[in-house]
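So the structure is just underneath, and the comments pick up after that.
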Amino acid sequence: MKAERLRTIYDRLLAQHGPQGWWPGETAFEVMVGAILTQNTAWSNVEKAINNLKAADKLSPQRITRCRMATLAKLLRPSGYFNVKAARLREFCHWYLRQGGFEALQRMPTDELRSTLLGIKGIGPETADDMLLYAFDRAVFVVDAYTRRLFSRLGVLRGGEHYETIRLSVEHAMKAEAILYNEYHALVVVHAKNVCKVKPCCDDCYLRNKCPSVD
DNA sequence: ACCCAGGGTCATA
DNA sequence: TATGACCATGGG
């Protein structure tokens with residue numbers, strides 16, 4: 001994977017969409033909650049669930065661990081998979097408090113923090129990396145379905161590579177530009193919503209709002 | 001009426 | 001290692 005190619009794609013995405021300033025969320029804890037709730041779910045639905053938590057004054061690890069499962073599930077309802085996510089959120093909050101809160105976690109080295117996050121049931125590689133990058137400000141490149149699709153269509157990936165393979169490959173190629181991982185992932189996601197999803201037709205196709213061969 | 005969305009777990013071969 | 005079932009709402 002070539003650094004220059006990755007950089008070129010980044011530059012064009014930035015030129016087209018502008019700086020995104022992710023993650024949407026007022027606190028680090030809210031970012032982490034969002035990362036769990038957005039698993040295979042549209043962000044608009046996650047916002048509703050987070051608003052429910054705020055309105056019920058439950059958006060804190062203490063409140064969530066003390067909340068009944070049925071109550072929590074009801075608040076999470078708009079984000080889908082509400083029973084699963086209620087359990088995952090509680091599990092995460094127990095761990096968070098047990099570790100001594102954000103300040104204590106922020107002192108951990110990235111590799112250690114990553115493996116302990118992955119040890120929590122319901123937190124897989126993408127959710128962990130969302131948290132590391134956007135809540136803990138660590139230099140981690142987040143791989144999601146959009147990243148795979150875009151990079152595959154642009155020929156940067158062949159398709160079928162494993163999560164870690166892609167992440168380490170990008171991180172190795174763009175090691176000197178770790179500061180860009182934050183904007184890069186945000187741009188890939190935002191781009192995916194505005195782009196032609198029909199089929200790859202040219203090198204530029206998936207870096208434009210409209211596909212010239214389809215439109 | 002379908003399709004999919006900023007995934008992850010678990011059972012099975 | 002690698003598929004497949006399952007979880008579930010809301011918008012296009």
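Letters go in sequence order (proteins before strands), and every chain restarts at 1.
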Scan residues 122-132 of chain A against DNA chain B and write down, sorted by residue number, each residue with any heavy atom closer than 4.0 Å; if none is found, say none. A:Gly122, A:Ile123, A:Gly124, A:Pro125, A:Glu126, A:Thr127
Can you list, by residue number, the residues of residues 42-55 of chain A that have a non-hydrogen atom closer than 4.0 angstrom to DNA chain B? A:Ala42, A:Trp43
The side chain of A:Gln39 is closest to which nucleotide in this list: B:dG7, C:dG10, C:dA8? B:dG7
For B:dC10 and C:dA8, measure between their P atoms and round to the nearest Å. 15 Å
Parsed dot-bracket for DNA chain B after applying the Watson-Crick and G-U rules with both distances under 3.5 Å and | for other-strand partners is .||||.|||||||
Keeping the roles fixed (side chain from A:Arg158, backbone from A:Ser152), state whether a donor-acceptor pair exists under 3.5 Å. no
Given atom CD of A:Glu161 and atom C1' of C:dT1, what is their separation to the nearest angstrom? 16 Å
Nearest whole Å is fine: how far is C:dG11 P from A:Arg77 CZ? 12 Å
Taking atom types as modelled, find out whether A:Asp144 and A:Thr147 have a side-chain donor-acceptor pair closer than 3.5 angstrom. yes
Taking atom P of C:dT9 as reference, at what distance in whole Å does atom NZ of A:Lys74 sit? 14 Å
Between A:Phe151 and A:Tyr184, how do the two ring planes meet: parallel, tilted or perpendicular, split at 30° and 60°? perpendicular
Should A:Lys85 and A:Thr41 be marked as a side chain to side chain donor-acceptor pair (under 3.5 Å) after you check the CA-CA gap, both sets of side-chain angles, and the distance that decides it? CA-CA 11 Å; A:Lys85 285 175 178 174; A:Thr41 300; 2.8 Å; yes
If you find the nucleotide of DNA chain B closest to A:Lys121 and the one closest to A:Thr41, which residue's nucleotide is nearer the 5' end? A:Thr41
Mind checking whether A:Tyr81 and A:Ile120 sit in one hydrophobic cluster, side chains of I, L, V, M, F, W, Y counted as touching below 4.5 Å? no
Rounded off to whole Å, could you give me the CD1-to-P distance for the A:Ile36 and C:dT9 pair? 20 Å
Just how far, in rounded Å, is C1' of B:dG7 from CZ of A:Arg148? 11 Å
So that I know where these two stand, are A:Tyr96 and A:Phe102 an aromatic pair - ring centroids less than 6.0 Å apart? no
Over how many whole Å does the gap from A:Asn40 atom CG to C:dT9 atom C1' extend? 11 Å
Separation of atom NZ in A:Lys85 from atom P in C:dA8, rounded to whole Å: 9 Å
Considering every strand and a 4.0 Å limit on heavy-atom distances, what is the contact class for A:Val189: base, sugar-phosphate, or nothing? base
Carefully, step by step, assess A:Glu177 and A:Tyr10 under the rule side chain to side chain contact (heavy atoms under 4.5 Å, CB included). CA-CA 11 Å; A:Glu177 306 167 89; A:Tyr10 173 86; over 6 Å; no
Measure from the side chain of A:Tyr81, starting at C-beta and using heavy atoms only, and say which of C:dA2, C:dC7, B:dT9 lies closest. C:dC7
Can you tell me how far P of B:dG8 sits from CG of A:Leu89, to the nearest Å? 15 Å
With respect to the phosphate group of C:dT1, does any side-chain polar atom (N or O) of A:His162 fall under 4.0 Å of OP1 or OP2? no
Closest to the 5' end of DNA chain B, once A:Ile120 and A:Tyr134 are matched to their nearest nucleotides, is A:Tyr134
Set of side chain to side chain donor-acceptor pair (under 3.5 Å) partners for A:Thr27, sequence neighbours left out: none
List in chain and number order the residues that pass salt bridge (charged side-chain N to carboxylate O under 4.0 Å, His left out) with A:Glu164, two or more places apart in sequence or in another chain; answer none if no residue qualifies. A:Arg114, A:Arg167
What is the ring orientation for A:Phe141 with A:Tyr181, classed by angle as parallel under 30°, tilted 30 to 60°, or perpendicular over 60°? perpendicular
Pairing residues for A:Asp137 by the salt bridge (charged side-chain N to carboxylate O under 4.0 Å, His left out) criterion, not counting sequence neighbours: none
Closest non-hydrogen contact found for A:Tyr163 with A:Pro125 is OH-O, 3.5 Å
